[in-house]
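Just so you know, these numbers use all the heavy atoms, side chains as well, and skip hydrogens, waters and symmetry mates.
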Amino acid sequence: MKKVLVLGLGAQGSAAAKRLDKDPGVSEIVVADYNMKAVNALVEELDKAKGVQVDAFDVNSIIAAAEGCDLILNALALTFNPIVLDAALAVKANYQDYNGTDKLYEMWDASELSKEYPVPEGLSEETEKWWKSYMAMYKIYGPKFKEIGKLALFGTGSAPGLICAASKYTMRYLDTCDSIYNIVWEGAYAKRFQPFWWSPITAMSDMSDPAVALENGKIIDTEPFSRPIKRQYEYMDEPIIFREHCHDEPFQYAFNAETEFKGLKNSYFKYAGAGMDFASQLYPAGLLSHEEEEFNGQKIVPFDFIMSHIPAAPHFKEDIEEILEEGLALDAGCMVIESYGKKDGKDVLVETHVFAPGVVESFELAGITAEMYLTGQSGYLFSKMFINDQFEGMSGLISSDMLTQEQCDKFFEYAAELQITLDTKIKDPSEVCD
């Protein structure tokens, strides 16, 4: 029986906590947030939970909440990752994070390791911060967790997370891998103006940053919303255009290209949906800029001004129900992994589709949106791997693309119980055309 701290009670943390509450392997859940209203409301819904208030800027506050816990599930914004990592080390707990972080670049710059591993040439300042922070996670925090005999696992939502495990899963069908496309369409369109079903600030920040790809074995910056590809899978009514988007997956796969992805040379994250439709019109107009400018005698930051007019993602059951009662214009989507490589000397495409409940079905099942369902349940599934000792004997720090094939099988066995399934097709690459 395990004791788990769920830190951060937004859509992802609260969804995972509700699922953990039903897990027979969990003895107690500590739900923690600065917002005690959110803490108390969640505690009332759960049977195994106690609530505490934490100041996520204060490592001692997190340490106090985490005492005696076997696992810390961090669902806070990535700003707090370094603080929570340090708290996990202090209490000697396993650590799980929905995200990576770009907040460790100064630690990397100050380390002797930075001299041994130079930054790839040609990256933007923002991408350099991500690269350095990933190196700090793997190379600095990894040994620290190994020293205490615990495991830190990051990138454990739906994307990154489930999609990374599914990408690793496809490697069983290839002898060598040349390219991986992670393709996501959030095709849930409300009749009202509701461009985002999850944190608008996180989504729009990603959309305003340089996109990243692995190309010819090198991490490169790409222009947001550029390099369109077109796909129409058999369950789509019409072709969808997917574009470049800043995301973790190309980073994770780049670092693990040889060890996990059979010599991978190219990796792309392609995205489409209501949020992309909205933001793609703002970006070329300069309205996602973070630079202060003067307008009619007033100083404004375009990004901040735009954000002030975007509705929050629906979180509470009554808010979601209100949107559903108004009706959806579309309730669709896809998550697809296209892995290109060779098997027995022949060119092969391994096309894996992730199927999960849509908005209406997610609300019927759990009173939450499809985004909350897939990301929250995915987070729980990685927690379940800890709870059921699927990582027994492992220590250090890994990302979600570094599961073994046996662990992938177990992960998706658990996922199927929550109506999240995989469908894999082996194709000739010529069957796919833009």
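Here the closest non-hydrogen pair linking P250 and S267 is CA-OG, 3.8 Å. I163 and E249 make their closest contact through CG2-OE2, 3.4 Å (heavy atoms, listed as atom of the first residue, atom of the second, distance). Shown here for W198 and D206, the closest heavy-atom pair between the two residues is CH2-OD2, 4.2 Å. Of all non-hydrogen atoms in S226 and E223, the two that sit nearest each other are OG-O, 2.5 Å. For the residue pair L76 and A56, the shortest heavy atom distance occurs at CD1-CB, 3.7 Å. Of all heavy-atom pairs spanning Y189 and A274, the tightest one is OH-N, 3.3 Å.
No side-chain donor-acceptor contact under 3.5 Å links Y105 and E125. Y268 and S179 share no side-chain donor-acceptor pair at under 3.5 Å. Counting only N and O atoms by type, the side chains of D401 and S167 include no donor and acceptor under 3.5 Å apart.
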Apply the test side-chain hydrogen bond (donor to acceptor under 3.5 Å, both in side chains) to residues Y141 and D86: give CA-CA distance (whole Å), side-chain angles for both, the deciding distance (0.1 Å), then the verdict. CA-CA 9 Å; Y141 276 100; D86 288 340; 2.8 Å; yes

Derivation and outcome, ring pair (Phe, Tyr, Trp, His ring centres under 6.0 Å), residues Y181 and F242: CA-CA 11 Å; Y181 285 77; F242 298 84; over 10 Å; no

Residue pair S399, Y138: steps toward the side-chain hydrogen bond (donor to acceptor under 3.5 Å, both in side chains) verdict: CA-CA 9 Å; S399 45; Y138 286 122; 2.7 Å; yes

Stepwise, does the salt bridge (charged side-chain N to carboxylate O under 4.0 Å, His left out) test hold for E293 with K299? CA-CA 5 Å; E293 60 186 59; K299 290 184 177 180; over 6 Å; no

Please walk me through it: do K144 and E147 pass salt bridge (charged side-chain N to carboxylate O under 4.0 Å, His left out)? CA-CA 5 Å; K144 289 182 179 181; E147 186 177 343; over 6 Å; no

After noting the C-alpha distance and the side-chain angles of Y380 and Y414, does the key distance pass the ring pair (Phe, Tyr, Trp, His ring centres under 6.0 Å) rule? CA-CA 10 Å; Y380 160 70; Y414 293 152; 8.3 Å; no

T369 and S362: CA distance, side-chain angles, deciding distance, side-chain hydrogen bond (donor to acceptor under 3.5 Å, both in side chains) verdict: CA-CA 6 Å; T369 67; S362 295; over 6 Å; no

Please evaluate residues N182 and Y253 with respect to the criterion side-chain hydrogen bond (donor to acceptor under 3.5 Å, both in side chains), reporting the C-alpha separation (whole Å), side-chain torsions for both, the decisive distance (0.1 Å), and the verdict. CA-CA 11 Å; N182 282 174; Y253 303 169; 2.8 Å; yes

As a quick check of understanding, evaluate side-chain contact (heavy atoms from CB on, under 4.5 Å) for L7 and V84, giving each step before the final call. CA-CA 9 Å; L7 190 58; V84 188; 3.7 Å; yes

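N256 contributes no side-chain N or O that, together with a main-chain N or O of F261, makes up a donor-acceptor pair within less than 3.5 Å. Of the possible donor and acceptor atoms, none in the side chain of D55 sits under 3.5 Å from a partner among the backbone N and O of S61. Judged by distance alone, the side chain of T375 and the main-chain N or O of M372 form no donor-acceptor pair under 3.5 Å. Without hydrogens or angle criteria, S383 side chain to G379 main chain gives a donor-acceptor distance under 3.5 Å. Side-chain atoms of D70 come within 3.5 Å of backbone atoms of K3 as a donor-acceptor pair (strictly under, hydrogens ignored). Checked by atom type and distance alone, the side chain of K2 never pairs as donor or acceptor with a backbone atom of L71 at under 3.5 Å. The closest donor-acceptor contact from the side chain of Q405 to the backbone of K168 lies under 3.5 Å. Between the side chain of N99 and the backbone N or O of L78, no donor-acceptor pair lies under 3.5 Å. Here the side chain of W197 pairs a donor or acceptor atom with the backbone of A188 at under 3.5 angstrom. For S395 (side chain) and G149 (main-chain N/O), no donor-acceptor pair under 3.5 Å exists by modelled atom type.
With values rounded to the nearest 0.5 angstrom, S289 atom OG is found 10.0 Å from D304 atom CG. Interatomic distance, CD of Q377 versus OG of S158, reported as 11.0 Å (0.5 Å rounding). Note: I29 CD1 to R19 CZ = 11.5 Å, rounded to the nearest 0.5 Å. Atom CZ of residue F303 and atom CG of residue L287 lie 11.5 Å apart, to the nearest 0.5 angstrom. Considering CD of Q96 and CD1 of I72, their distance stands at 11.0 Å, rounded to 0.5 Å. Between atom CG of residue D221 and atom CD of residue E215 there is a gap of 11.5 Å, rounded to the nearest 0.5 Å.
Taking the charged nitrogens against the carboxylate oxygens, E338 and R231 do have a contact shorter than 4.0 Å, which makes a salt bridge. One finds no salt bridge joining E417 and K384 here, because no Lys/Arg side-chain nitrogen approaches an Asp/Glu carboxylate oxygen to under 4.0 Å. A salt bridge links R172 to D409: at least one charged side-chain nitrogen sits closer than 4.0 Å to a carboxylate oxygen.
The aromatic rings of F193 and F278 stand perpendicular to each other, their planes meeting at an angle above 60°, with 30° marking the opposite boundary. Between F57 and F80, the ring planes are perpendicular. Angles over 60° get that label, and only those under 30° would be called parallel. Ring-plane geometry between Y134 and F154 is classed as perpendicular, the angle between the planes exceeding 60 degrees on a 0 to 90 degree scale with a lower cut at 30. Between W108 and W131, the two ring planes are perpendicular [angle over 60°; tilted spans 30° to 60°]. Below 30°, between 30° and 60°, or above 60°: for F255 and F251 the angle between ring planes is below 30°, a parallel geometry.
Remark: F411 pairs with F382 by the ring-ring contact (aromatic ring centres under 6.0 Å, His included) rule, at least two apart or across chains. Remark: Y117 pairs with no residue by the ring-ring contact (aromatic ring centres under 6.0 Å, His included) rule, at least two apart or across chains. Residues satisfying the salt bridge (Lys or Arg N to Asp or Glu O under 4.0 Å) criterion with D109, sequence neighbours excluded, are K132.
Atom CD of E291 has 12 or fewer neighbouring heavy atoms from other residues, nucleotides or ligands inside a 6.0 Å radius. K48 NZ: more than 12 foreign heavy atoms inside a 6.0 Å radius. Counting non-hydrogen atoms of other residues, nucleotides and ligands closer than 6.0 Å to NZ of K425 gives a total above 12.
Of the residues E244, R243, R227, the one that meets the side-chain hydrogen bond (donor to acceptor under 3.5 Å, both in side chains) test with T222 is E244.
The ring of F363 has its center no closer than 6.0 angstrom to the ring center of Y373.
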